[in-house]
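Okay, so here's the structure we're looking at.
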Protein chains: 2
Amino acid sequence: MTTIYEVAKKARTTSGTVSRALNNKGYVAEETKRKIERVAKRLNYTPHFLARSLRTKKTDIIAVIIPNIANPIYPEIIRGIQDKAHELGYQVLISNSDALPEREIELLTIFSQKRVDGIFLGTGEGAENKKIREKIKKLSEAGIKLVVGGFIKDKLPTDSLSIDNFQGAYEVTKHLLNLGHNKIGFISGPKNARVAQERQKGYRAALLNHNILYHDGLVAYGNFQQESGYTLGKDFLQREKAPSAIFAANDVMAIGVILAAEELGRRIPEEVAIAGFDDITWASIIRPRLTTVSQPKYEVGSLAAEMLIQRINEENNRTFQRIILKPKVVIRESTLNQEKK
Amino acid sequence: MTTIYEVAKKARTTSGTVSRALNNKGYVAEETKRKIERVAKRLNYTPHFLARSLRTKKTDIIAVIIPNIANPIYPEIIRGIQDKAHELGYQVLISNSDALPEREIELLTIFSQKRVDGIFLGTGEGAENKKIREKIKKLSEAGIKLVVGGFIKDKLPTDSLSIDNFQGAYEVTKHLLNLGHNKIGFISGPKNARVAQERQKGYRAALLNHNILYHDGLVAYGNFQQESGYTLGKDFLQREKAPSAIFAANDVMAIGVILAAEELGRRIPEEVAIAGFDDITWASIIRPRLTTVSQPKYEVGSLAAEMLIQRINEENNRTFQRIILKPKVVIRESTLNQEKK
DNA sequence: GAAATTTGAACAACCGATTTTACAATTATG
DNA sequence: CATAATTGTAAAATCGGTTGTTCAAATTTC
């Protein structure tokens with residue numbers, strides 16, 4: 001690999017001048033500059049990234065921490081992040097936390113040591129966790145910018161971005177209530193997962209608003225995986241007084257419920273209505289098509305990357321931004337058989 | 001951030017000794033070492049990644065180039081790569097090439113400048129492309145290790161890893177032929193995509209082996225996206241002499257075909273049998289369940305990462321490895337209605 | 001035309017580690 | 001006991017850039 005010194009030597013000048021010439025900084029005579037450029041090209045010179053970063057304290061790398069790339073809502077979000085990041089000259093490191101706080105902290109540590117310019121933390125338990133809050137503070141002191149996504153917590157000392165989980169859940173539940181269901185099972189996520197909690201609150205609020213008693217027995221806790229939707233859904237459906245509708249905290253589990261219902265020979269939505277959350281691609285491919293809450297995943301990713309990089313490229317820290325996107329309920333056949341109408 | 005010099009000062013020694021103490025290299029007296037460790041801990045010292053990498057010429061970062069993370073075969077492969085990489089102490093940069101050779105080259109360049117230790121290139125056109133072959137050579141000279149995945153080309157100057165696309169396609173096609181189908185439509189990928197070409201060859205060979213004439217009119221070229229499977233499938237099915245079976249070069253397109261068939265009211269598999277390739281998660285969730293060719297995606301990713309990192313950690317270059325995994329045909333309801341039996 | 005300003009480029013310091021070298025202090029060997 | 005081998009540590013070089021300083025030369029200003 002050719003170094004800046006070899007270029008300088010061939011161009012009969014010094015490294016400083018070569019650096020200035022190639023970076024268009026300071027005074028360099030036209031002629032000198034052209035010569036340096038010619039030599040650099042001939043020797044196929046490219047600056048050494050590490051050496052440069054060491055000096056400039058910029059790596060042009062951002063890191064992304066999400067629970068699990070294999071969960072179908074993430075690839076699209078990631079793609080949004082990547083496209084925006086690449087457009088702005090950044091590369092993207094991606095890691096999975098499996099939503100474990102310890103793992104999140106470990107990754108935050110690794111990334112800050114690697115001197116990435118910024119980190120997007122897609123939540124698990126997220127900043128609800130004390131240790132994570134501390135970590136966030138440290139990162140901020142180390143000059144590493146952070147954007148947290150997936151839920152909102154007041155006074156979070158970073159930029160954040162999320163859809164309104166409460167509102168989305170509230171509205172689907174209301175949709176189910178309006179259809180006449182008054183016994184609605186809810187399949188939540190892990191108990192410490194903020195998003196699941198928010199969605200559960202939305203579910204609860206909608207019931208209350210309809211003067212229906214919230215009942216613990218109608219709430220089951222899954223893990224956002226299909227298998228748990230299947231198991232818990234089957235359990236609901238086999239009860240003596242089975243709920244007439246089941247709302248799962250994400251689409252993947254809702255699809256598990258659909259499979260369970262199918263296996264038990266229950267007609268959807270006649271015998272049991274099913275709704276999910278996220279609007280993953282497969283929600284509209286599975287039969288019956290799944291009623292769900294839609295969030296613009298690609299755009300969320302793109303926006304998150306933009307926020308992060310904007311934050312990186314400013315020196316005087318603005319106050320933290322907190323963006324809450326409006327979710328949209330998409331009604332499909334799993335709750336409302338439109339053929340019938 | 002504390003530097004090694006501050007630690008040295010507090011421990012009343014010099015940076016060299018601190019370095020040796022913390023890295024267990026060379027002679028350091030037990031007492032000195034303990035003292036240094038204590039001070040380092042107290043000052044919360046962590047070595048500066050860039051400075052260290054600059055000197056050691058190792059970044060502990062590998063890069064992954066794939067066509068598109070949003071394509072459902074990749075998240076699982078990626079997860080396999082990440083898990084293995086993290087286990088071995090590496091972080092993973094991920095970028096999408098959209099299977100464009102120019103983009104692949106651009107990314108290879110960026111990553112080599114970023115001084116990643118190794119790159120996994122998931123193929124589009126891949127090393128078939130002249131410029132990419134040249135690029136690979138340059139990388140190799142620059143000491144960046146490479147593993148290419150997704151197809152096999154003889155005498156490729158790198159390690160490579162792939163399933164036997166030909167064989168997989170051959171076997172599904174044979175399965176269809178054995179069911180009595182003698183007019184089988186094939187939906188291929190983009191013309192320059194190696195994997196699609198290989199699968200097409202397998203399809204062709206199976207026909208030949210069954211003494212059935214290969215007919216250009218029965219081959220359509222899609223882009224691996226669902227939409228193209230839908231469109232081309234619909235086109236096939238609406239022909240006067242529609243094929244009785246359709247084999248798509250990947251599951252996503254096959255699912256498009258299923259949707260097309262459903263829309264046209266054709267019964268699967270009675271009126272049209274449908275098969276895909278990849279065995280993505282959704283292949284067994286969609287109804288009818290999709291017959292397809294399975295490849296162990298997570299394990300492929302894990303193995304690829306292992307190969308790459310093994311290659312990184314050896315100095316004397318072994319001869320290149322070429323691993324070809326056996327695919328497995330999974331027969332489901334989209335070709336064979338098992339209830340009927 | 002002298003003084004002030006601008007331009008150009010060499011030199012050296014710096015980023016923060018690792019590694020080599022040199023040398024002093026111990027310990028082992030014959 | 002003298003010499004050789006081993007241990008321990010400070011000092012300096014190195015990785016490959018960027019940036020600040022310095023000073024000479026060219027240009028502008030009064």
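As the structure is a prediction and not an experimental result, all values here were calculated from the model. We use all heavy atoms of the structure for the numbers below, so side chains are in, but hydrogens, waters and symmetry mates are not. The sequence lines fix the lettering, A, B, ..., with proteins before strands; numbering per chain opens at 1.
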Which atoms form the tightest heavy-atom contact between [X] and [Y], and what is the distance?
X	Y	result
Leu50(A)	Leu54(B)	CD1-N, 4.0 Å
Val116(A)	Thr59(A)	CA-OG1, 3.5 Å
Ile36(A)	Thr13(A)	CD1-CG2, 4.0 Å
Glu104(B)	Gly122(B)	OE2-O, 4.2 Å

Below 4.0 Å: OP1/OP2 of dA17(C) and any side-chain N or O of Thr56(B):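 No, no such contact exists.
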Side-chain N or O of Tyr27(B) closer than 4.0 Å to phosphate OP1/OP2 of dT7(D):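 Affirmative; the distance criterion is met.
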Salt-bridge criterion met for Glu106(B) and Arg103(B) (N-O under 4.0 Å):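 Yes, this pair counts.
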Glu134(A)/Lys137(A) ion pair, N-O < 4.0 Å: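 Lys137(A) and Glu134(A): not salt-bridged.
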How many Å lie between [atom1] on [X] and [atom2] on [N], as a whole number?
X	N	atom1	atom2	answer
Lys25(B)	dT7(D)	NZ	P	19 Å
Leu22(B)	dA17(C)	CG	P	10 Å
Asn23(A)	dG16(D)	CG	C1'	13 Å
Arg52(B)	dG16(D)	CZ	C1'	18 Å
Lys58(B)	dG16(D)	NZ	C1'	20 Å
Glu30(A)	dG8(C)	CD	P	9 Å
Lys33(A)	dA9(C)	NZ	P	12 Å
Leu50(A)	dT18(D)	CG	P	13 Å

Sugar-phosphate only, base, or nothing, as touched by Thr3(A) at under 4.0 Å among non-hydrogen atoms: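 Sugar-phosphate: the residue Thr3(A), judged by heavy atoms under 4.0 Å, touches backbone atoms but no base.
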Sugar-phosphate, base or nothing in reach of Ser53(A), heavy atoms under 4.0 Å: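 Nothing: the residue Ser53(A), judged by heavy atoms under 4.0 Å, touches no strand.
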Glu31(A): salt bridge (charged side-chain N to carboxylate O under 4.0 Å, His left out) partners, not counting sequence neighbours: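 Not a single residue meets the salt bridge (charged side-chain N to carboxylate O under 4.0 Å, His left out) criterion with Glu31(A).
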Min side-chain heavy-atom separation Lys135(A)-Leu121(A) under 4.5 Å: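 Side-chain contact under 4.5 Å: no.
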Closest-nucleotide ordering on DNA chain D, the 5'-leading residue of Pro47(A) and Thr32(B):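 Checking each residue's closest nucleotide, the 5'-ward one belongs to Thr32(B).
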Under-3.5 Å N/O pairs linking protein and nucleotides 22-26 of chain C:
none

Can you tell me if [X] uses its side chain to pair, donor with acceptor, with the backbone of [Y] under 3.5 Å?
X	Y	answer
Thr109(B)	Ile105(B)	yes
Ser302(A)	Ile81(A)	no
Gln91(B)	Phe111(A)	no
Ser19(B)	Ser15(B)	no
Asp117(A)	Asp60(A)	yes

End-to-end axis angle, where each axis spans five pairs of the helix from dG1(C)-dC30(D) to dG30(C)-dC1(D), to 10°: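 Comparing the first five pairs with the last five, the axes sit 40° apart.
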Might you list the N or O atoms of the protein lying below 3.5 Å from N or O atoms in nucleotides 10-15 of chain D, with each pair's distance?
unit_1: dA10(D); atom_1: OP2; unit_2: Thr13(B); atom_2: OG1; d: 2.4
unit_1: dA10(D); atom_1: OP2; unit_2: Thr14(B); atom_2: N; d: 3.2
unit_1: dA10(D); atom_1: OP2; unit_2: Thr14(B); atom_2: OG1; d: 3.3
unit_1: dA10(D); atom_1: OP2; unit_2: Thr17(B); atom_2: OG1; d: 3.4
unit_1: dT14(D); atom_1: O2; unit_2: Arg55(B); atom_2: NH1; d: 2.5
unit_1: dC15(D); atom_1: O3'; unit_2: Lys57(B); atom_2: NZ; d: 3.3

Residues within residues 109-119 of chain A bordering DNA chain C, heavy-atom distance below 4.0 Å: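 Those residues: none at all.
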Nucleotide of dG17(D), dG8(D), dA9(C) approaching Ala29(A) most closely (side-chain heavy atoms):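 Selected nucleotide (nearest to the side chain): dA9(C).
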Donor-acceptor contacts under 3.5 Å from residues 65-77 of chain A side chains, at least two apart:
unit_1: Asn68(A); atom_1: OD1; unit_2: Ala70(A); atom_2: N; d: 2.9
unit_1: Asn68(A); atom_1: OD1; unit_2: Arg79(B); atom_2: NH1; d: 2.9
unit_1: Asn71(A); atom_1: OD1; unit_2: Ile73(A); atom_2: N; d: 3.1

